[in-house]
Amino acid sequence: MCLALPARVVALDRDAELATVEMDGVKKEVSLALIDDVAVGDYLLIHVGYALQRLSEQEAMRTLALFDELEASRTMDTDSA
Amino acid sequence: MKYVDEFRSGERAVRLAAAIHREADAGRTYRLMEFCGGHTHAIFRFGLQDLVPVNVEFVHGPGCPVCVLPMGRIDNAIDLARNHDVILCTYGDLMRVPGSHRMSLLKAKAAGADIRMVYSTRDALAIARAHRRRQVVFFAIGFETTAPPTAVAIRQARAEGLSNFSVFCNHVLTPPALAYILRENARASRPAGIDGVLGPSHVSTIIGSGAYEPCAEAFSMPVVIAGFEPLDVMQSALMLIRQINAGRHAVENEYTRVVTREGNRKAQALMAEVFETRPAFEWRGLGKLPDSALAIAGSYADVDAERRFALPATAGSEVKGCLCPSILRGEDKPADCRLFGTVCTPENPMGACMVSSEGACAAYWSYGRFRQPATAA
């Protein structure tokens, strides 16, 4: 029930607080009643027809970088072994 | 960046698994409770239990709103649909949940009740607009993730003067349930305790990771807010293992791409306007928990289906032998239940944990039943 999926904003209707979002080619209209300052191109977290949050690309990159650092530390372990 | 594929990379999973094997101390066990059913499903669907050492165990929590809803509330909804001539709108998850006497909304619908499955509260409002002369009730359920969309609909109905629309509110709150689980966990009599908690993903986008700080502090419990993708779960498990090894108990946030410490203030303000906290609410398996659920606030009393239709408080009659309650407390696993996979299957569920796509029994059935020695024999 708490499942929510990231989708990209392709069009906005600011007066109606609605956005058209796209995910894997599927387009859907969602409500923006719960978030402010959305722009076309943003990725939003969609749940039961509402956008809950905007995704931060910077933070996503940082998390992925954490996974990749593990590799670096493992390589160092091997080197020192 | 698509925010999905990147967090399902097999290559990265191998690295994370290696790090967990390296850092987990073979001389002890790590029992990590994933609060949410979404995590339980990620663990099973992607086979994460097999990627971590045997001494790292995932314990399934109560984070499945459909599973913890007491049967009496399902009975109330069935009664509404059958005896009050309403159009009952509900999320699909609830359709097959058994009420008393093996009744369900799906069976009531088959018998002629006007029950409609909706994807969104926006669809329920559209039905109310299209049927002004009928009473339209939205059966609201879910944690803090799903409560703000209900709040928006209630405000919208008032703004439009949709007087035929009302809401049967069953929204529940996660921090009180986590506090209950950890309080029980702290009792010395418990055989195997929980060493760390994978905290809610999307609930936390609304209430913020800060909402779990009192729990972590009060019970000296490491908590890591974890995303629902498989790599999120593995990274969060690693972060928990590091906290446990270091003897720390902080709330850490792995899911920083959507979760902040303060959460979604706009959604919180809407919830505060439309809802009030119930003094106590019954959770299946956990009992009556104080301040653990939302009711519609007095200022919106006219939209409250419980008042409009004078719904009675009823206790459902649970199916004998169904272990849902102890599975929800993390004390039993689905394979411990005599009904699991025999008389209870997703096609013919006896308990809610088998119905919901987030239920632990449904996860075991879909992905894990062949790896359970008990059921393989």
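Chain letters run A, B, ... following the sequence lines, proteins first and then strands; every chain starts at 1. The basis for the numbers below is simple: all heavy atoms, side chains too, and nothing from hydrogens, waters or symmetry mates.
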Tell me, for [X] versus chain A, whether the close heavy atoms (under 4.5 Å) come from the side chain, the backbone, both or neither.
X	value
B/Glu6	both
B/Pro149	both
B/Arg12	side chain
B/Leu231	both
B/Ala267	both
B/Glu254	both
B/Ile206	side chain
B/Phe228	side chain
B/Asp93	side chain

Using every non-hydrogen atom in the two residues, find where [X] and [Y] come nearest and quote the distance to one decimal.
X	Y	answer
B/Tyr119	A/Gly49	OH-N, 3.2 Å
A/Ala33	B/Val152	CB-CG1, 3.8 Å
B/Glu358	A/Cys2	OE2-N, 3.2 Å
B/Thr121	A/Tyr50	OG1-OH, 2.7 Å

Is chain B contacted by the side chain of [X], its backbone, both, or neither, given a heavy-atom distance below 4.5 Å?
X	answer
A/Leu44	neither
A/Ser31	both
A/Glu29	both

State the [atom1]-[atom2] distance between [X] and [Y], to the nearest 0.5 angstrom.
X	Y	atom1	atom2	answer
A/Arg8	B/Lys2	CZ	NZ	8.5 Å
A/Leu64	B/Met1	CG	CE	5.0 Å
B/Met239	A/Leu66	CE	CG	7.5 Å

May I ask you to test the [X]-[Y] pair for a side-chain heavy-atom distance under 4.5 Å?
X	Y	answer
A/Gln53	B/Val259	no
A/Asp36	B/Lys266	yes
B/Pro148	A/His47	no

Do you know which of A/Leu55, A/Leu5, A/Leu45 makes side-chain contact (heavy atoms from CB on, under 4.5 Å) with B/Tyr3?
A/Leu55
With chain B as the partner, which of A/Glu57, A/Met61, A/Met23 has the greatest number of non-hydrogen pairs under 4.5 Å?
A/Glu57
Main-chain N/O of A/Phe67 paired with B/Gln235 side-chain donor or acceptor, under 3.5 Å:
no
Can any side-chain N or O of B/Asn264 pair as donor or acceptor with the backbone N or O of A/Leu52 at less than 3.5 Å?
yes
Flag if over 12 foreign heavy atoms under 6.0 Å of [atom1], [X]:
X	atom1	answer
B/Met117	CE	no
B/Arg155	CZ	no
B/Arg129	CZ	yes

Between A/Ser56 and B/Thr256, does a side-chain contact (heavy atoms from CB on, under 4.5 Å) hold up when you go through it step by step?
CA-CA 8 Å; A/Ser56 157; B/Thr256 52; over 6 Å; no
Assert top hit (heavy-atom pairs under 4.5 Å, partner chain A, pool B/Tyr255, B/Phe143, B/Phe7) equals B/Phe7
Test side-chain contact (heavy atoms from CB on, under 4.5 Å) applied to A/Leu18 and B/Arg122, step by step
CA-CA 12 Å; A/Leu18 293 173; B/Arg122 296 175 57 219; 3.4 Å; yes
